[in-house]
Protein chains: 2
Amino acid sequence: MDVAREAGLSKTTVSAALNGTGRLSAEVRAHARETARRMGYRPNATARLLRAGHARLIGFTAREYVEAPWSYLESPYLSELTHTTAQLALEHGYAMVLLPNCSPRDEWTDLPVDAVILADPEADDPLVDDFLAAGIPVFTDQRVEGRQGGYWVDIDYDAAMRSVLDHLAAQGARDIVLIAPQNDSQWAQRSMDSYLAWCGERGIAPHAVATQRPGNAAVLKAADEVLSEGPPPDALFALAEVSPPLMIDVARKHGLSVPDDVLLVCCSEDPVAAHCAPPVTTLSMQPSAIAAAGMELLLDALESGNVEPAGRVVPTRLDVRASSLRKTRE
Amino acid sequence: MDVAREAGLSKTTVSAALNGTGRLSAEVRAHARETARRMGYRPNATARLLRAGHARLIGFTAREYVEAPWSYLESPYLSELTHTTAQLALEHGYAMVLLPNCSPRDEWTDLPVDAVILADPEADDPLVDDFLAAGIPVFTDQRVEGRQGGYWVDIDYDAAMRSVLDHLAAQGARDIVLIAPQNDSQWAQRSMDSYLAWCGERGIAPHAVATQRPGNAAVLKAADEVLSEGPPPDALFALAEVSPPLMIDVARKHGLSVPDDVLLVCCSEDPVAAHCAPPVTTLSMQPSAIAAAGMELLLDALESGNVEPAGRVVPTRLDVRASSLRKTRE
DNA sequence: TTGAAAGCGCTACCAC
DNA sequence: GTGGTAGCGCTTTCAA
């Protein structure tokens, strides 16, 4: 440490001066600080971390559609989840490393992380096991419940689905088409289960179409096909993420007006929904609330050394707007 | 290192076995690896990095509208830039830390980064100076040119602006309204300069409105106001990012059809533009190309220890679609 | 009030 | 072929 030599002090003293620790005379402290400043000295962060025994770094990635060459930041939901998590982490002294969804498993090995967050993993995601086996705490969905080092935040997908279906039914819809994402996430799986159950309970034939890939194009294509075949349904519920105004465009293309001819609900975090014409009813998964719940769990686990597996359930929110309100005709 | 004790080897041997270095017999190597695997041993990443003398971590943040409480991932441009950068970095063995735009300056100090990327900094951004002073290479816009440790990627904003204006003029537009972002970025500043110059050269009175904040709402409000006062302009060019279909909705709200009554061009990376009705002409800043150019510079600087300041200019792209094509009436 | 020494976990070097 | 040792840059004892 040549700041020490330059200041005529030991490196211990300089370290203490810079960190505000130890019992040093005011002059020595000021002198050390001044010398360091003048020399443009910055303590080596890696060395401090090694010394401290932690990394203060959290890995983050979204595991939905892992195979597809897409950027999960394209999704407003995942993008908000990512941003909020990064923000909250930093407020608590942790930085967040952004890992793309499709990266070789060993890319992670060399990364000094205290924990990882895996959003929407696949069923039996190998990454979950990898980290758990490596002793790195994993924050993900409920399927890790009960496993050593597994923490989870979950959503009441069943309640969410039913809130939408009940709302549409209350508006008089009977033939409700579900445009569902086709992947192994809990979101896709459990939502579909709930849809089928709800239809079953009412003796209604389910009418679901699946989108194989993420992105607007796949959802729009599915909607287009549904509206092309036979009489139009009473309502469309796009569970797979899509830009709301584009759904209105598709309906219009088929000569259908929203909400007069077909009701529309989108599962979306896109603020565009409130601004388009007509405003579109959305089911929000509340990514910021999920991030907050997850970060609370994470900090509790990391700071207090609390190894008890823990989990939280976060509610969703239905914002009813014009697109799903049948006009009262009087 | 208790793997060594367990295997009856020295930690040196175990290290060599795991890293594939040194001259070890196949059996010893296999034995060491097997023992490590069985014990769930993972080499400490922080220690390796300290030893190696680098961090393999790159800091990233967008500095536009630093004061506003917004998430830059809301912007399709910045979101694509962020994702692509992270992706490319990882492919080259670097992980990317995501820093929110509004964070105290000292949050960064404890972070072991080899370099930082500051997208769209403000004029005289203090963060630029902080990092340069700390000897950390900074990758940002052209204003760092010539400074020690400063590398830049820039866009030919002038050519971009002119390509749009020339296109609109060729379609017969004369009163072209520019909806411009109001901030200190090069993008906002230089684009506005070019707009004014272009108008000046043609003796056309410029007609620009500024948006104070990021997000759809501010741009839509500006557009709404322009269309409310007096006769509608020939064309709208939204340089500030906005969701294209919403711009069409605004025009429609004023009884104007795109492109029959008013031509529309948006500066946007949103894939929605190609799908809405009518499809919207976009000026793309090519964030992925920017990321690629920046990463190339960065790797060259970091790997080859090349301290020569360097820079690159990246082209933009105009995708002409129906929204800016005057219908030939015949 | 200050400083010497130990050690965080790892790997490169050079003896054996 | 294998293993002891030194040292990356820092902070935390503990002795002076």
Side-chain angles (χ1 to χ4, degrees), chain A residues 1-37 39-57 93 106 108-114 134-136 302 305, chain B residues 1-37 39-57 93 106 108-114 134-136 302 305:
Chain A
M1 196 187 257
D2 39 35
V3 172
R5 195 170 44 256
E6 175 79 11
L9 296 166
S10 77
K11 58 180 195 168
T12 308
T13 309
V14 174
S15 174
L18 263 38
N19 289 310
T21 58
R23 296 164 299 273
L24 306 180
S25 66
E27 304 91 67
V28 171
R29 177 152 297 174
H31 176 53
R33 285 195 164 150
E34 169 55 20
T35 310
R37 201 199 51 69
M39 299 180 67
Y41 166 79
R42 320 283 302 201
N44 179 302
T46 307
R48 314 184 69 168
L49 292 173
L50 174 60
R51 184 72 246 269
H54 53 228
R56 295 260 153 211
L57 215 57
D106 51 328
W108 296 75
T109 309
D110 292 331
L111 220 55
V113 290
D114 289 332
I136 296 173
L302 257 40
Chain B
M1 196 187 257
D2 38 37
V3 172
R5 196 169 44 257
E6 175 80 10
L9 297 165
S10 80
K11 58 181 197 167
T12 306
T13 308
V14 173
S15 174
L18 264 38
N19 289 310
T21 59
R23 298 163 299 272
L24 306 179
S25 64
E27 305 91 64
V28 171
R29 179 153 296 177
H31 176 52
R33 285 196 165 149
E34 169 55 21
T35 311
R37 201 199 51 70
M39 299 179 67
Y41 167 78
R42 320 284 302 201
N44 179 303
T46 307
R48 314 183 71 168
L49 292 174
L50 174 61
R51 183 75 245 275
H54 52 229
R56 295 259 152 208
L57 216 55
D106 52 327
W108 296 74
T109 309
D110 292 330
L111 220 54
V113 289
D114 289 332
I136 296 173
L302 258 39

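All chains are named by letter (A, B, ...) in the order of the sequence lines, taking the proteins before the strands, and each is independently numbered beginning at 1.
Side-chain polar atoms of B:Ser10 and B:Thr13 form a donor-acceptor pair below 3.5 angstrom. Between the side chains of B:Asn44 and B:Arg51, not a single donor N or O lies within less than 3.5 Å of an accepting N or O.
Of the candidates C:dC8, D:dG3, D:dA6, the closest approach to any side-chain atom of A:Leu50 belongs to C:dC8. Considering only side-chain atoms of B:Ser15, the nucleotide from C:dT11, C:dT2, D:dT2 that sits closest is C:dT11. Nearest nucleotide to the side chain of A:Arg51, out of D:dT2, C:dG9, D:dT12: D:dT12. Nearest nucleotide to the B:Lys11 side chain, out of C:dC10, D:dT2, C:dG3: C:dC10.
OP1 or OP2 of C:dC10 sits under 4.0 Å from a side-chain N or O of B:Tyr41. The phosphate of D:dC8 (OP1 or OP2) has no side-chain N or O of A:Asn44 nearer than 4.0 angstrom. Side-chain N/O atoms of B:Thr12 include none lying less than 4.0 angstrom from OP1 or OP2 on D:dG4. B:Arg48 has no side-chain polar atom (N or O) that falls below the 4.0 Å cut-off from OP1 or OP2 of C:dG9.
Summarising the geometry, the separation between CG on A:Asn19 and P on D:dC10 is reported as 10 Å, rounded to the nearest angstrom. For the pair A:Arg56 CZ and D:dC10 P, the computed distance is 18 Å after rounding to whole Å. Whole-Å rounding puts the A:Leu9 CG to C:dA4 P distance at 11 Å. Following rounding to the nearest Å, B:His54 (NE2) and C:dC10 (P) show an atom-to-atom distance of 15 Å.
Listed by chain and number, the residues in a side chain to side chain contact (heavy atoms under 4.5 Å, CB included) with B:Ala30 amount to none (sequence neighbours excluded). Partners of B:Arg42 under the side chain to side chain contact (heavy atoms under 4.5 Å, CB included) rule, at least two apart in sequence or in another chain, are A:Thr109, A:Ala134.
Heavy-atom distances to DNA chain D give each of B:Leu24 and B:Ala47 a nearest nucleotide, and the one nearer the 5′ end belongs to B:Leu24.
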Exercise for review: Decide side-chain contact (heavy atoms from CB on, under 4.5 Å) for B:His31 and B:Leu9; before the verdict, give the C-alpha distance in whole Å, the side-chain angles of both, and the deciding distance to 0.1 Å.
Suggested key: CA-CA 10 Å; B:His31 176 52; B:Leu9 297 165; 4.2 Å; yes

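With hydrogens and angles ignored, no donor-acceptor pair closer than 3.5 Å exists between the side chain of B:Ser25 and the base of D:dG1. With hydrogens and angles ignored, no donor-acceptor pair under 3.5 angstrom links the side chain of A:Ser10 to the base of C:dA4.
Heavy atoms of A:Leu49 sit nowhere under 4.0 angstrom from any nucleic acid atom.
Between the OH atom in B:Tyr41 and the CG atom in B:Leu18 there is a gap of 6.5 Å [rounded to 0.5 Å].
The pair B:Arg56-A:Asp110 fails the salt-bridge criterion, with no side-chain N (NZ, NE, NH1 or NH2) lying under 4.0 Å from an Asp/Glu carboxylate O.
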Between protein and nucleic acid, restricted to nucleotides 14-16 of chain D and to nitrogen or oxygen atoms under 3.5 Å apart, what atom pairs and distances do you find?
none

